[in-house]
Amino acid sequence: MWLSVTSTADNCLGQDCPELDKCFLLKARRQAQEAQVVVINHHLLCAEWRLRQTGFGELLSGADAVIVDEAHQLAETATQFLGISVSGRRLVELARDVLLEQRNNAGDMGELQREAEQLEQWVRDLRPSFGPALRRGPWSELEANEVVMNGLAGLQERLEGLGLVLHEAAERSKGLESCWSRCEELMEHLQTLLHDEDSEWVRWFETYPKSFALHRTPLEIASQFRQFMAGFGGAWVFTSATLAVAKRFEHFQHSLGLGEAEAHSWDSPFDYQRQALLYQPAGMPDTSDPNYTQAVVRAALPVLQASRGRAFLLFTSYQAMNEAAELLEGQLPYPVYVQGTQPKGALLERFKRDGNAVLLATASFWEGVDVRGEALSCVIIDKLPFASPGDPVLKARIDALKRRGVEPSSPCNCPRR
């Protein structure tokens with residue numbers, strides 16, 4: 001039902017939509033264009049960047065200043081927008097949209113139905129060849145797997161076959177025309193992923209329980225972001241608690257191409273020496289140990305008893321969070337809440353109201369959550385949320401820095417003066 005009542009960037013008809021005047025997104029953009037202060041997140045800022053590249057961006061036109069909070073995350077978000085990807089989810093959604101359009105507007109074109117059904121089945125059959133593990137890996141692993149590469153070659157053939165039929169059907173409806181355009185884009189992206197070896201980009205993949213995704217990510221975005229900023233006449237202000245490395249800002253400036261920016265750092269007024277205690281339990285197993293989460297829970301239980309609840313347990317993965325939730329069931333005399341069981345706002349309100357609750361969370365609860373007073377007196381973190389050195393994108397960036405004679409462990413990822 002969800003697919004029938006929503007639209008995505010892929011299947012939105014834009015100006016050709018018959019319901020354009022009722023579009024919530026369009027209304028929100030018009031209101032933003034009339035406002036004096038616009039509050040958006042990093043993804044919408046980068047969406048504006050992409051729209052400006054096509055000549056249609058106008059959400060931030062005439063802005064006197066652009067203020068970016070939590071700016072340490074901006075380069076990573078921008079990298080996602082400048083890259084390309086082909087995912088099983090997008091391919092299946094294309095096939096399903098084609099089937100819907102075929103039933104409504106091209107009932108006489110049975111070959112369209114056959115091609116769409118074959119594409120969807122091919123995508124589902126392709127997923128097991130990546131292996132059962134949920135992970136991110138370098139493209140070289142795929143190239144060494146003949147079954148996967150043959151499957152991707154067959155996927156390209158399925159897309160080409162669907163594209164030929166869609167080209168004939170495109171004139172039947174705006175929906176079919178949109179499907180043809182999406183199919184052409186996915187074919188182009190898959191062709192690039194399979195054959196492009198540009199050293200300024202890194203190709204990698206990730207797997208999900210029932211899907212997969214192929215990515216091509218730029219190693220750096222500094223020059224492109226500098227051009228984006230140049231399109232505004234106003235000032236840019238970047239703020240975060242973690243922009244400086246060893247009280248230097250060169251790494252952040254280098255990542256976004258900011259050049260000679262004015263930079264200031266202020267210490268927190270919080271008296272950590274008197275008002276905080278850091279505890280690291282001894283004898284913990286390696287973080288890659290399959291029993292690591294069990295050890296975290298064992299170490300956390302006496303701490304939670306001592307703090308009388310009033311705690312966040314933050315995890316770097318949903319899998320670890322859910323495992324810990326099962327292990328903690330019935331172990332504490334305090335209310336225990338788990339992210340995903342209720343909306344984020346409702347969980348926070350109940351946590352504050354109870355005054356002695358324990359909240360297990362990940363992702364969005366790591367930042368931007370403010371619980372004042374004694375209701376939050378303890379924060380337990382299972383792992384520091386840094387990317388693994390084996391992450392394909394991080395490893396490619398480290399290798400690129402080494403090729404340029406830069407030491408990746410330096411306080412700033414820029415050439416030594």
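Fair warning: this is a prediction, and the values are worked out from it, not measured in the lab.
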NZ on K174 to SG on C17, rounded to 0.5 Å: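 It is 12.0 Å, given to the nearest 0.5 Å.
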Inter- and intrachain pairs under ring pair (Phe, Tyr, Trp, His ring centres under 6.0 Å), touching residues 266-302, at least two apart: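 Listed by first then second residue: H264-W266, F270-Y272.
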Tell me, please, which residues at least two apart from [X] pass salt bridge (Lys or Arg N to Asp or Glu O under 4.0 Å).
{"X": "R127", "result": "none"}
{"X": "E117", "result": "none"}
{"X": "R350", "result": "none"}
{"X": "R353", "result": "none"}

SB check E34 R30 (cutoff 4.0 Å):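 Not counted as a salt bridge, because no side-chain N and carboxylate O are separated by less than 4.0 Å.
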Salt-bridge present (R29, E48; N to O < 4.0 Å):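 Judged by the 4.0 Å cut-off on N to carboxylate O distance, R29 and E48 do form a salt bridge.
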Short side-chain donor-acceptor distance under 3.5 Å, Q121 and D125: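 Indeed, the side chains of D125 and Q121 share at least one donor-acceptor pair under 3.5 Å.
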Heavy-atom neighbours of K344 NZ exceed 12 at 6.0 Å: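 Check passes, neighbour count above 12.
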More than 12 heavy atoms from other groups under 6.0 Å of CD on E374: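 Atom CD in E374 is not crowded, with 12 or fewer foreign heavy atoms closer than 6.0 Å.
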Hey, can you pull the donor-acceptor pairs under 3.5 Å for the side chains in residues 238-247, sequence neighbours left out?
residue : atom : partner : partner atom : Å
T239    : OG1  : D69     : OD1          : 2.9
S240    : OG   : H72     : ND1          : 2.7
S240    : OG   : T242    : N            : 3.1
S240    : OG   : T242    : OG1          : 3.3
T242    : OG1  : H72     : ND1          : 3.4

With H195 via ring-ring contact (aromatic ring centres under 6.0 Å, His included) - residues at least two apart: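 Counting only residues at least two positions away or on another chain, H195 forms no ring-ring contact (aromatic ring centres under 6.0 Å, His included).
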Partners meeting ring-ring contact (aromatic ring centres under 6.0 Å, His included) with F212 (sequence neighbours left out):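 Per chain and number, F212 pairs via ring-ring contact (aromatic ring centres under 6.0 Å, His included) with F130.
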Contact check, side chains of K395 and P138, non-hydrogen atoms, under 4.5 Å: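 With C-beta onward as the side chain, the pair stays apart.
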Residues which pass side-chain hydrogen bond (donor to acceptor under 3.5 Å, both in side chains) with D289, listed by chain and number, not counting sequence neighbours: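 With neighbours one apart ignored, the set is empty.
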Residue list, side-chain hydrogen bond (donor to acceptor under 3.5 Å, both in side chains) with D21, at least two apart or on another chain: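 Residues passing side-chain hydrogen bond (donor to acceptor under 3.5 Å, both in side chains) with D21: none at all.
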Pair up each side-chain donor or acceptor in residues 317-325 with any protein partner under 3.5 Å, not counting sequence neighbours, and list the distances.
residue : atom : partner : partner atom : Å
S317    : OG   : A320    : N            : 3.1
N322    : ND2  : Y318    : O            : 3.1

Using a 3.5 Å cut-off and no angle test, enumerate the donor-acceptor pairs between side-chain atoms of residues 177-191 and protein atoms at least two apart in sequence or in another chain.
residue : atom : partner : partner atom : Å
W180    : NE1  : E184    : OE2          : 3.4
R182    : NH1  : D97     : OD2          : 2.8
R182    : NH2  : D97     : OD2          : 3.2
E185    : OE1  : R90     : NH2          : 3.0
Q191    : OE1  : Q156    : NE2          : 2.4

